[in-house]
Amino acid sequence: QVFGSVTSVLNMSIFKDQFVLEDLIQEMKLKSTALSFGPLQPNGHICVQGSFPAIKLLRDFLLLKAKSLSEEEKREESKSGQRPRRKLQQYRLATETSSSVRDAGGEKQVVVLDADVYRYIKSFFSRTFLVNDGVVISDITDGDTTTLYIRSAGSRSDAGRVLRVKEKIENQSVKLHNNLRKERISFEKHPRGEKEIYRRVCGRLKPRYPSVLIVPYDTHIDVIGNSSDVFEFTKEVRS
């Protein structure tokens, strides 16, 4: 209700191996009549505009589609005994990779990023978030997405400065989103002592892979970086 309109860039290429994209988009249009859809780009991106609640409903619809693909993958994995390595945008659905919202006064921008991309930018490209005294950035991570709120901190409105910060973040996000990969090292089937061994091995290997981001959780470790580094890193951890 605060924001008049949201513009979101959806990366539909993650579905191209399972669906005819034109048919999927037609289904999206039928389910989301309140949204306006731009043309499908050759790279699989499509621009969607409308209210924030309508965008969230569309996101939920696509998450269900992605979940069905994930369950299909698990069945294939149980048959083959191996888990395929996939692009980050395929492993974790990011329907709002480069979303933005602008309020009526033009002093605030909202960018919704894939949470893993955000963590990687924050770790290795922290200068992306460096701003002057006139701009403030705050963030909220909810599941797979991180929402950044960029606003003017001064008494005087400076919509242009806020917009430039938003564009810098979006450009860095899109660049990384197309190149990063993620692999998950699961602890679910390992005893507690073995989990600690995995963690120590990851810490020992990290200096040899300076561009790899390690995100530890209670049940698994996520390894994020370029394809070759992630492959070699996880291979050494598991060997």
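Counting begins at 1 with the first residue of the sequence. Everything numeric in this text was worked out from a predicted model, so none of it was measured.
- Two residues are said to be in side-chain contact when any heavy atoms from C-beta on lie closer than 4.5 Å; Ile150 and Ile169 meet this criterion.
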(message) What verdict does the side chain to side chain contact (heavy atoms under 4.5 Å, CB included) test give for Leu35 and Ile55, after you've listed the backbone C-alpha separation in whole Å, the side-chain angles of each residue and the deciding distance to 0.1 Å?
(response) CA-CA 8 Å; Leu35 295 175; Ile55 291 285; 4.0 Å; yes
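- You'll find the side chain of Leu176 reaches within 4.5 Å of the side chain of Phe125, heavy atoms only.
- Residues Tyr217 and Tyr120 share a single hydrophobic cluster, defined by chaining ILVMFWY side chains whose heavy atoms lie under 4.5 Å apart.
- Residues Ile224 and Leu180 share a closest heavy-atom pair of CG2-CD1, 4.2 Å.
- Using a 4.5 Å heavy-atom threshold, the side chains of Ile185 and Thr234 count as touching.
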(request) List the steps, then state whether side chain to side chain contact (heavy atoms under 4.5 Å, CB included) holds for Lys175 with Asn171. (result) CA-CA 6 Å; Lys175 189 185 302 181; Asn171 289 339; over 6 Å; no
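- The shortest side-chain heavy-atom distance between Leu21 and Leu40 falls under the 4.5 Å cut-off.
- Taking the side chain as every heavy atom from C-beta outward, Arg151 and Val135 never approach each other to under 4.5 Å.
- Rounding to the nearest 0.5 Å gives a distance of 10.0 Å between CZ of Arg181 and OG of Ser228.
- To the nearest 0.5 Å, atom OG of residue Ser211 and atom CG of residue Asp229 are 6.0 Å apart.
- Val20 and Phe37 fall into different hydrophobic clusters, defined by Ile, Leu, Val, Met, Phe, Trp and Tyr side-chain heavy atoms under 4.5 Å apart, directly or through other members.
- Rounding to the nearest 0.5 Å gives a distance of 8.0 Å between CD of Gln109 and CD of Glu170.
- In this structure, Lys206 and Ile214 have side chains that are in contact, with non-hydrogen atoms separated by less than 4.5 Å.
- Environment of NZ in Lys31: sparse, with no more than 12 heavy atoms of neighbouring residues, nucleotides or ligands closer than 6.0 Å.
- Counting heavy atoms from C-beta on, the side chains of Ile137 and Val131 come closer than 4.5 Å.
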(message) Does Met12 form a side chain to side chain contact (heavy atoms under 4.5 Å, CB included) with Gln41? I'd like the steps, not just the answer.
(response) CA-CA 10 Å; Met12 303 301 296; Gln41 302 299 318; over 6 Å; no
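- Going from atom OH of Tyr118 over to atom OG1 of Thr128 covers 11.0 Å, rounded to the nearest 0.5 Å.
- From Lys182, atom NZ reaches atom CZ of Arg119 across 7.5 Å, with rounding to the nearest 0.5 Å.
- Between Ile197 and Arg200, some side-chain heavy-atom pair lies under the 4.5 Å cut-off.
- Counting only N and O atoms by type, the side chains of Tyr149 and Asp139 include no donor and acceptor under 3.5 Å apart.
- Cluster annotation: Leu57 is not connected to Val48 through the hydrophobic network of ILVMFWY side chains, with a link wherever side-chain heavy atoms come within less than 4.5 Å.
- When the salt bridge (Lys or Arg N to Asp or Glu O under 4.0 Å) test is applied to Glu167, no partner is found at least two apart in sequence or on another chain.
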(request) Walk me through it: do Ile221 and Arg184 pass the test side chain to side chain contact (heavy atoms under 4.5 Å, CB included)? (result) CA-CA 6 Å; Ile221 293 175; Arg184 177 163 293 177; over 6 Å; no
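- Relative ring orientation between Tyr209 and Phe233 is described as perpendicular, the plane-to-plane angle rising above 60° on a 0-90° scale split at 30° and 60°.
- In terms of heavy atoms, Val237 sits closest to Val201 at CA-CG1, 4.0 Å.
- Atom OH of Tyr198 is separated from atom OG of Ser186 by 9.0 Å, given to the nearest 0.5 angstrom.
- Distance alone, capped at 3.5 Å, places no donor-acceptor pair between the Thr33 side chain and the Leu30 backbone.
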(request) Start with the C-alpha distance between Arg208 and Glu236, add both sets of side-chain angles, then the distance that settles salt bridge (Lys or Arg N to Asp or Glu O under 4.0 Å), and finish with yes or no. (result) CA-CA 11 Å; Arg208 290 169 48 195; Glu236 288 198 52; 2.7 Å; yes
